[in-house]
Amino acid sequence: MTDEQPAHRYTAALAGRIERRWQDHWEQHGTYHAPNPVGPLAGPVPEDKLFVQDMFPYPSGAGLHVGHPLGFIGTDVFARYHRMNGRNVLHTMGFDAFGLPAEQYAVQTGQHPRKTTEDNIQTYLRQIRRLGLGHDERRRISTIDPEYYRWTQWIFLKIFHSWYDPAAGKARPISDLEAQFTSGERATPDGRPWAGLTAGERQAVLNEHRLVYLSDAPVNWVPGLGTVVSNEEVTADGRSERGNFPVFRRNLRQWMMRITAYADRLIDDLDRLDWPDKVKAMQRNWIGRSHGARVRFTVGDPQDADVEVFTTRPDTLFGATYLVLAPEHPLVDAITAPAWPSDVDGRWTGGADTPAAAVAAYRRTASTKSDLDRQENKEKTGVFTGAHATNPVNGARIPVFIADYVLMGYGTGAIMAVPGQDQRDWDFATEFGLPVVRTVAPPEDFDGEAFTGDGPAVNSGFLDGLGIAEAKKAIIAWLTEHDHGHGTIQYKLRDWLFSRQRYWGEPFPVVYDEDGTAIALPESMLPVALPEVDDYSPRTFDPEDADTVPSPPLSRATDWVEVELDLGDGPKTYRRDTNTMPNWAGSCWYQLRYVDPTDQDRFCAPENERYWLGPQSPGDPGGVDLYIGGVEHAVLHLLYARFWQKVLYDLGEVSGVEPYRRLFNQGYIQAYAYTDERGVYVNAGEVVEEGGKFFFDGKEVRREYGKMGKSLRNVVTPDEMCEAYGADTFRLYEMSMGPMEVSRPWATKDVVGAQRFLQRLWRNLVDEETGALRVTDAEPDEATLRLLHKTIAGVHDDYANLRYNTAGAKLIELNNHVTKSFPDGAPRLVAEAVVQMLAPLCPHVAEELWQRLGGAESLAHGPFPSADERYLVEDTVEYPIQVNGKVRGRVTVPAGAGQDEVKAAALAEEKVAVLVGSGAPRKVIVVPGRLVNIVL
RNA sequence: GCCCCCGUAGCCCAACAGGCAGAGGCAGCCCCCUUAAAAGGGGUCGAGUGCCGGUUCGAAUCCGGUCGGGGGCACCA
């Protein structure tokens with residue numbers, strides 16, 4: 001059938017030939033090479049630059065489906081548009097190739113992860129090359145390349161050798177801290193002079209301050225993965241984000257990064273970013289800053305201990321009728337009374353004979369509950385410790401409980417319970433028969449339980465009558481003055497757990513001496529290469545078995561682990577750290593390496609960093625000009641990368657405080673999937689629709705909507721689309737489906753619309769039978785010029801604002817006009833402009849047509865047409881005339897007509913005149929250039 | 001439970017800062033080309049904007065409520 005088609009029709013086959021030709025051309029000519037100010041990639045640089053970046057892809061073994069390139073094409077169109085308009089555009093793509101998925105894929109396929117990962121990268125590169133993305137391929141990087149991770153390790157060392165100086169509000173070299181201790185400017189923790197401490201003691205003191213430190217705190221242990229993971233990688237229901245395995249809290253010695261030191265700056269600088277509000281909100285929420293106070297309660301009869309609580313509502317202190325400690329709270333044993341008071345409430349004892357027995361039993365039950373159980377079951381439980389505390393503000397004697405609704409991990413692990421103003425406390429108080437004292441007067445008509453709204457303080461002594469805000473101030477001043485507490489800020493954010501017990505990651509540039517002291521390796525020993533091992537598979541465990549311990553694969557590489565080094569005091573034997581970094585490490589700084597991918601001496605030359613990523617104006621945080629990716633990294637990658645950027649900024653290594661100035665979340669391409677009567681997925685490509693029902697192989701199937709994936713049997717690949725329609729058609733279709741940020745269903749049957757448009761456009765310029773150019777030297781008429789310039793103006797605006805769907809529509813509209821008005825071929829003037837405007841969306845066919853039109857050079861660097869104002873202003877305006885808000889007629893008046901003129905013309909219009917009748921209208925509204933509304 | 005976003009022709013989507021509901025594509029229908037067909041050409045049909053109420057001369061657009069869909073957070077003191 002194809003042999004019947006005209007020889008020069010723009011078919012998939014022709015598109016394919018054109019596309020391959022131009023892809024080769026671009027590669028050979030380095031069309032998308034963006035010059036740097038200095039270094040190996042230096043060249044003449046225009047002042048006006050643009051750095052566009054896609055979120056670091058992981059080269060999956062499954063290859064791409066049509067959803068993946070959506071963002072890549074989006075950035076490419078934006079980059080091409082700006083490149084055509086004269087800017088120096090940096091756009092490239094590398095690979096985030098370390099990490100669990102790569103390792104799991106390798107284990108599955110029985111091949112070394114380096115092999116599978118590198119193969120996958122090749123597949124990926126082949127797939128994205130076919131899409132015609134204008135990448136500077138000199139800047140391809142991969143996190144698994146030792147020349148890349150050498151600098152990841154280098155940054156780790158920088159962070160390790162730093163501490164956060166709260167006084168300066170920034171990170172400083174640890175040597176500054178050491179100098180402060182040496183000079184006595186800063187006292188040692190126990191007051192001894194610095195010189196009096198042993199070397200080990202000094203290191204221990206410094207380690208307390210480092211931004212990277214080893215910690216024995218409880219961490220998230222995932223036996224099913226054989227590794228620990230960070231808080232950010234644990235889902236709300238207490239399972240691992242990857243693999244969905246149970247997560248257990250265990251004390252393990254692990255590397256942590258002190259991201260909490262940056263909590264305030266990470267929140268405050270969000271205001272300086274051009275990011276979706278949703279993502280900002282998620283980060284604010286994750287960091288969870290809350291202002292409140294710490295209050296000390298004396299516990300015991302007589303005084304045994306001070307229990308400190310954190311509260312965001314210190315103003316309600318007079319209403320605290322009991323205290324609650326987390327079951328794991330370290331003071332519980334100390335305060336638990338030897339016996340119940342004689343009049344103890346039966347509900348408080350848990351049926352035990354002594355408080356100690358009750359506490360032990362309660363702790364046992366609590367520890368067997370998973371986080372999920374705790375969350376799902378919001379019934380309040382707890383037991384009385386037999387102890388009482390004294391409310392510092394009024395001397396009231398209040399009982400102390402333990403209950404699992406108080407979490408050890410937040411605040412101080414202890415609360416003052418104010419049932420009158422807190423629903424959780426209300427629920428507990430109701431369950432246990434505890435008194436309620438309202439300290440904020442609810443409105444008259446309030447019929448709820450705890451009242452959390454604002455109102456005047458009551459039952460609160462010197463606070464009475466004050467609103468919440470003033471009462472907080474007053475009570476904090478009182479607590480401070482009487483040494484019962486102080487105002488404070490609390491964060492939900494925890495330090496970042498930075499080690500993994502996996503093979504496929506960056507090794508730590510750290511060794512341990514015979515005492516087990518961690519020693520950072522000197523820069524000269526970087527990179528610490530990942531050793532080749534036979535058995536790289538992680539030791540995983542029964543996912544439910546909490547009592548297992550991690551066993552890093554690197555610990556089995558004994559001849560790598562034991563190493564003889566001269567670290568200053570002669571050759572000695574050390575043990576290497578056998579953990580690897582989390583896969584987030586590589587993506588924390590990759591934009592810096594894109595800027596200077598081949599620099600041997602530094603992770604990025606400062607001149608290049610300033611040019612591409614530096615602040616552009618006072619107050620500008622700096623960063624990538626447009627960063628496109630999915631919303632799923634809102635608090636993982638994006639938070640970690642911001643943290644590293646800030647540390648590097650504090651240390652003077654980079655000029656901007658933020659890595660990504662503007663963030664844009666593209667939507668997802670989703671797809672229908674179909675299941676048969678057994679619930680088994682059937683090949684979605686073979687399902688047919690009939691009368692609103694769906695059939696596969698003649699049998700009705702059920703339709704569901706969601707992701708595209710192998711197991712759902714609904715994957716459509718860009719390769720298939722390029723084969724069947726060509727890459728330009730595919731690009732155009734993806735960009736036409738809707739606005740970039742909206743998720744939408746994939747519909748292969750709709751792709752033909754994009755292809756028809758390109759065929760029509762091609763036909764307007766090229767004779768389908770002979771291949772000859774069909775462009776004429778005819779002067780376009782006025783109407784065509786008006787439409788042309790209106791289109792140019794609109795398309796500029798659309799491209800600049802990522803509205804590619806409407807840009808495409810405007811080009812179709814213009815082309816339709818050309819088809820109708822110029823059956824003998826397009827006027828050259830119009831043809832050239834159309835081709836130029838098409839180029840960002842469909843670069844191959846645009847290059848081809850441009851060349852046929854006589855363009856000597858690639859269209860990649862322009863020209864791009866600009867609109868002539870002359871054709872944008874109309875000489876006449878058609879006004880719709882509304883009568884009481886309904887359109888009843890229309891008049892055409894000169895564009896310069898005054899309001900009175902328009903009004904007169906409107907009233908004279910015959911249909912309107914009939915409606916208005918003889919009486920005068922009550923009101924006539926003339927909206928200049930828009931419409932007339934007559935109110936009767 | 002709390003917070004955020006979205007509901008416009010059969011489907012995907014336009015409509016800038018309240019001013020004529022339709023730019024574009026798919027499907028449908030008609031016609032042309034064709035022995036025939038369509039991934040060809042030309043044309044055409046099609047919703048009053050989820051629902052209720054308010055503000056306004058005028059509401060898809062602003063406000064309140066409600067229903068439906070999607071997302072985030074969730075015993076964080």
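Atom set for the values below is all heavy atoms of this structure, side chains included, hydrogens, waters and symmetry mates excluded. Per chain, numbering begins at 1; letters A, B, ... match sequence-line order.
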- B:G24 OP1/OP2 closer than 4.0 Å to side-chain N/O of A:R760: no

- Assign A:K278 to base, sugar-phosphate, or nothing according to its heavy-atom contacts below 4.0 angstrom with the strands shown. sugar-phosphate

- Whole-Å gap separating C1' (B:G43) and CG (A:N816): 12 Å

- Using the P atom as the reference point in each nucleotide, state the distance between B:C30 and B:A38 in Å, no decimals. 13 Å

- If pairing means Watson-Crick or G-U wobble with both distances under 3.5 Å, then the partner of B:A59 is none

- If the sugar-phosphate is the primed atoms plus P, OP1 and OP2 and the base is the rest, what is the B/S/- string for nucleotides 10-15 of chain B, using protein heavy atoms under 4.0 Å? --SSS-

- Item | Residue whose nearest RNA chain B nucleotide is more 5′ - A:M416 or A:V631 | A:V631

- Item | Donor-acceptor pair, side chain of A:R786 and main chain of A:V873, under 3.5 angstrom | yes

- Query: Considering only the C1' atoms, how many Å lie between B:A59 and B:G40, rounded to the nearest integer?
  - Reply: 44 Å

- The answer to which of A:V751 and A:N285 contacts RNA chain B further toward the 5' end, by nearest nucleotide, is A:V751

- Query: Would you say B:G40 has OP1 or OP2 under 4.0 Å from some side-chain N or O of A:R9?
  - Reply: no

- Item | Lys/Arg cation over aromatic A:Y672: A:R703, 6.0 Å, 45° cone | yes

- Message: Categorize A:T412 for me: base, sugar-phosphate, or nothing, with a 4.0 angstrom heavy-atom threshold over every strand shown.
- Response: nothing

- Just checking, A:K492 and A:Y410: is the charged tip under 6.0 Å from the six-membered ring centre and within 45° of the axis? no

- List for me each residue that meets side-chain contact (heavy atoms from CB on, under 4.5 Å) alongside A:E813, sequence neighbours excluded, and say none if there are none. none

- Message: With rounding to the closest Å, how many angstrom separate the P atoms on B:U49 and B:C11?
- Response: 15 Å

- Message: When you measure from the side-chain N and O atoms of A:S290 to the phosphate of B:A77, is any distance below 4.0 Å, counting only OP1 and OP2?
- Response: yes

- Query: Roughly how far apart, to the nearest Å, are B:A60 and B:G48 at atom P?
  - Reply: 13 Å

- Query: What is the nucleic acid contact for A:A417, judged by heavy atoms within less than 4.0 Å: base, sugar-phosphate only, or nothing?
  - Reply: nothing

- Item | Anti versus syn assignment for B:G68, with syn defined as within 90° of 0 | anti

- Heavy-atom side-chain proximity of A:P739 to A:Y804 below 4.5 angstrom: no

- In whole Å, what is the span from the NE2 atom of A:H796 to the C1' atom of B:C16? 18 Å

- In whole Å, what separates the P atom of B:C75 from that of B:G19? 44 Å

- Can you figure out which of B:G40, B:A23, B:A39 approaches the side chain of A:A12 most closely? B:A39

- Task: Indicate for each nucleotide in nucleotides 56-64 of chain B, in 5' to 3' sequence, whether protein heavy atoms under 4.0 Å reach the base (B), only the sugar-phosphate (S), or nothing (-).
- Result: -BS------

- Is a side-chain N or O of A:D798 found less than 3.5 angstrom from the main chain of A:A807, in a donor-acceptor match? yes

- In whole angstrom, give me the gap between the C1' atoms of B:A21 and B:A15. 7 Å

- Query: If you measure from the P atom in B:C45 to the same atom in B:C31, how many Å do you get, rounded?
  - Reply: 16 Å

- Check whether any side-chain N or O of A:N933 sits under 3.5 Å from a backbone N or O of A:I925 as a donor-acceptor pair, and report yes or no. no

- Message: Without decimals, in angstroms, what is the distance between A:Q670 CD and B:C6 C1'?
- Response: 13 Å

- Task: Just call it for A:K820: base, sugar-phosphate, or nothing, with non-hydrogen atoms closer than 4.0 Å on any strand.
- Result: sugar-phosphate

- CZ/A:F297 to NE2/A:H484 distance, rounded to the nearest 0.5 angstrom? 10.5 Å

- Note on the structure: From CD of A:E769 across to P of B:G41 the rounded distance in Å is 14 Å

- Task: For A:Y410 and B:C73, give me the distance from atom OH to atom P, rounded to whole Å.
- Result: 17 Å

- Any donor-acceptor N or O pair under 3.5 Å, side chains A:R774, A:N764: no

- Item | Spacing between A:L636 atom CG and B:C73 atom C1', to the nearest angstrom | 15 Å

- Between B:G64 and B:C3, how far apart are the P atoms? Round to whole Å, please. 13 Å

- Return the nearest nucleotide to the side chain of A:L931; candidates are B:G72, B:G24, B:G19. B:G19

- Message: Can you see whether A:Y725 engages A:E720 through a side-chain donor-acceptor pair at a distance of less than 3.5 angstrom?
- Response: no

